[in-house]
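Letters A, B, ... are given to chains in the order of the sequence lines, protein chains preceding strands, and every chain is numbered from 1.
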Protein chains: 2
Amino acid sequence: MATESVTDAGRNPRERYRAQVRDEVKRHAWEQIATAGVSALSLNAIAKEMGMSGPALYRYFAGRDELITALIRDAYRSLADTVRAAHEAGTTVVALAAVIREWALSDPQRYLLIYGTPVPGYHAPDDITAISDEILAVLLEVCGGSPDEQPRSPFDVVLGLNRGWAGALPASSPTVHRALSFWTRLQGVLSLELAGHLTPLGFDPGLLLAEEVADL
Amino acid sequence: MATESVTDAGRNPRERYRAQVRDEVKRHAWEQIATAGVSALSLNAIAKEMGMSGPALYRYFAGRDELITALIRDAYRSLADTVRAAHEAGTTVVALAAVIREWALSDPQRYLLIYGTPVPGYHAPDDITAISDEILAVLLEVCGGSPDEQPRSPFDVVLGLNRGWAGALPASSPTVHRALSFWTRLQGVLSLELAGHLTPLGFDPGLLLAEEVADL
DNA sequence: TCATCGCAGTTAGAGGCTCTAACTACAGCT
DNA sequence: AGCTGTAGTTAGAGCCTCTAACTGCGATGA
């Protein structure tokens with residue numbers, strides 16, 4: 001499991017210890033989240049589990065929100081690493097979708113922490129949005145076709161006029177379109193599957209996902 | 001706004017009053033949810049806003065969870081009514097997608113209460129899953145083609161072998177497949193858009209959604 | 001080597017929450 | 001007109017987050 005802090009790289013023992021404790025706090029936090037959701041996450045409970053008394057944890061995290069932000073960062077990092085590894089191993093869109101699905105299924109609440117219900121006011125810090133961009137960049141590469149591909153649909157044309165994000169990246173409009181379709185179709189299947197809305201329908205969501213991303 | 005209880009139908013004044021208060025509680029609850037998310041929903045705060053003291057609300061809702069369940073029910077009911085109305089007015093899949101998107105955008109947290117992060121243990125009561133089925137049934141009708149349509153893809157075949165849900169409904173495998181694709185693509189665009197993950201990309205999600213559901 | 005200083009961890013406590021228990025007082029029914 | 005059930009009250013237990021003030025250990029510099 002990738003963690004934000006390169007734990008054992010702290011020079012002085014103080015920093016090493018701090019990083020260790022932070023990691024242990026996060027481990028307990030993930031456990032709580034996996035079993036009862038993020039709303040049940042309690043600094044107090046974590047402190048007790050670690051054999052300390054309540055406010056001690058505030059030495060390590062400014063508050064509940066900062067802990068959650070750290071968890072979100074780790075989740076993004078883990079997903080980005082997974083996606084990048086798959087890409088570097090040379091993957092198809094279908095295989096990539098399957099890899100991401102497995103990543104999500106291995107810890108649904110971790111996926112939902114990123115792509116589930118956001119708190120209305122919340123705005124992620126820049127270093128986190130950077131990781132998100134990193135993921136999208138890989139998507140563009142995986143969905144890339146011939147560089148001089150012409151627009152094929154009205155939406156392609158719109159994407160061509162206003163390249164918004166990905167302005168710098170060398171991707172044709174259809175490539176951007178494919179990446180967007182890939183991403184939204186993937187999220188569609190996953191968010192419904194993880195929320196349990198597909199279970200009663202009695203089919204394998206993996207099959208649906210494979211076909212959804214096969215014809216972009 | 002459709003509410004579960006047909007407020008003014010209570011026969012004796014006691015029941016009428018109860019229904020009125022329940023509705024007022026729910027109105028305040030929706031306000032809180034819209035501004036700060038469901039995790040910030042507080043019975044205590046609602047009671048104060050209504051000029052009563054804390055525990056009074058427990059006469060009307062057995063607890064926080066029951067209130068939330070009632071809100072979920074109302075949200076499903078509202079969506080089902082919206083979908084049904086569009087269908088009865090004769091709608092295309094593209095138009096239906098736009099209608100549902102508008103419904104979601106008009107109150108993002110209401111959409112997210114249904115399709116956002118679920119609490120791990122939560123299981124919706126039967127009357128709520130019935131509303132969900134109602135929505136899916138309309139989807140099948142909107143996506144229906146000729147009744148003797150033949151399977152076109154491996155997933156169609158799988159759907160044909162194991163009709164799971166919709167066993168009773170007269171829908172061909174490709175119809176079921178189209179409904180499923182429609183539903184997952186819609187959820188994909190909406191969940192990303194409402195969580196704010198599409199905003200930085202700088203394009204109109206409505207356009208993407210229209211093309212996504214245009215070619216099923 | 002020893003004094004110092006900073007940081008980990010403590011308890012106390014304010015203020016919020018959910019929810020239960022026991023009580024009061026009023027409104028509707030017979 | 002009296003009875004009864006129910007809406008509302010306060011008190012309080014037990015959670016939570018987070019602040020403040022204090023203690024005591026361990027790393028670091030003279």
Query raised in the report: When you check the side-chain N and O atoms of Q187(B) and Y111(B), is any donor under 3.5 Å from an acceptor?
Result: yes

Query raised in the report: With respect to the phosphate group of dT18(C), does any side-chain polar atom (N or O) of S42(B) fall under 4.0 Å of OP1 or OP2?
Result: yes

Report task. Ignoring backbone atoms, test whether S53(B) places a side-chain nitrogen or oxygen under 4.0 Å from the OP1 or OP2 oxygen of dT10(D). Result -> yes

Between [N] ([atom2]) and [X] ([atom1]): distance, integer Å:
| X | N | atom1 | atom2 | result |
| --- | --- | --- | --- | --- |
| D65(A) | dC18(D) | CG | P | 6 Å |
| F61(A) | dC18(D) | CZ | P | 13 Å |
| R16(A) | dA8(C) | CZ | P | 16 Å |
| E66(A) | dT19(D) | CD | P | 12 Å |
| I46(A) | dC18(D) | CD1 | P | 12 Å |
| Y17(A) | dA27(D) | OH | P | 12 Å |
| L67(B) | dT18(C) | CG | P | 10 Å |
| L43(A) | dG16(C) | CG | P | 19 Å |

Name the closest nucleotide to the [X] side chain, picking from [options].
| X | options | value |
| --- | --- | --- |
| R59(A) | dA7(D), dA21(D), dT19(D) | dA21(D) |
| Y60(A) | dT17(D), dC16(D), dA8(C) | dA8(C) |
| R18(B) | dA8(C), dA7(D), dT18(C) | dA7(D) |
| P55(B) | dA22(C), dT20(C), dA21(D) | dT20(C) |

Query - Approximate separation, where rounding is to 0.5 Å, of T175(A) OG1 and L139(A) CG - result: 11.5 Å

Is it true that [X] and [Y] have a side-chain N and a carboxylate O under 4.0 angstrom from each other?
| X | Y | answer |
| --- | --- | --- |
| D204(B) | R101(B) | yes |
| E134(B) | R77(B) | yes |
| R27(B) | D23(B) | no |

Query - Angle of first-five versus last-five pair axes in the helix from dT1(C)-dA30(D) to dT30(C)-dA1(D), to 10 degrees - result: 10°

Query raised in the report: If you look at every strand shown and take non-hydrogen atoms under 4.0 Å, does R64(A) touch a base, only sugar-phosphate, or nothing?
Result: sugar-phosphate

Requested in this report: Determine the contact category for R14(A): base if any of its heavy atoms lies under 4.0 Å from a base atom, sugar-phosphate if only primed atoms, P, OP1 or OP2 are that close, otherwise nothing.
Outcome: base

Query - Among L105(B), L190(B), T82(B), the one residue meeting side chain to side chain contact (heavy atoms under 4.5 Å, CB included) with I100(B) - result: L190(B)

Query raised in the report: Any idea how W183(A) and Y115(A) line up, ring-wise: parallel (<30°), tilted (30 to 60°), or perpendicular (>60°)?
Result: perpendicular

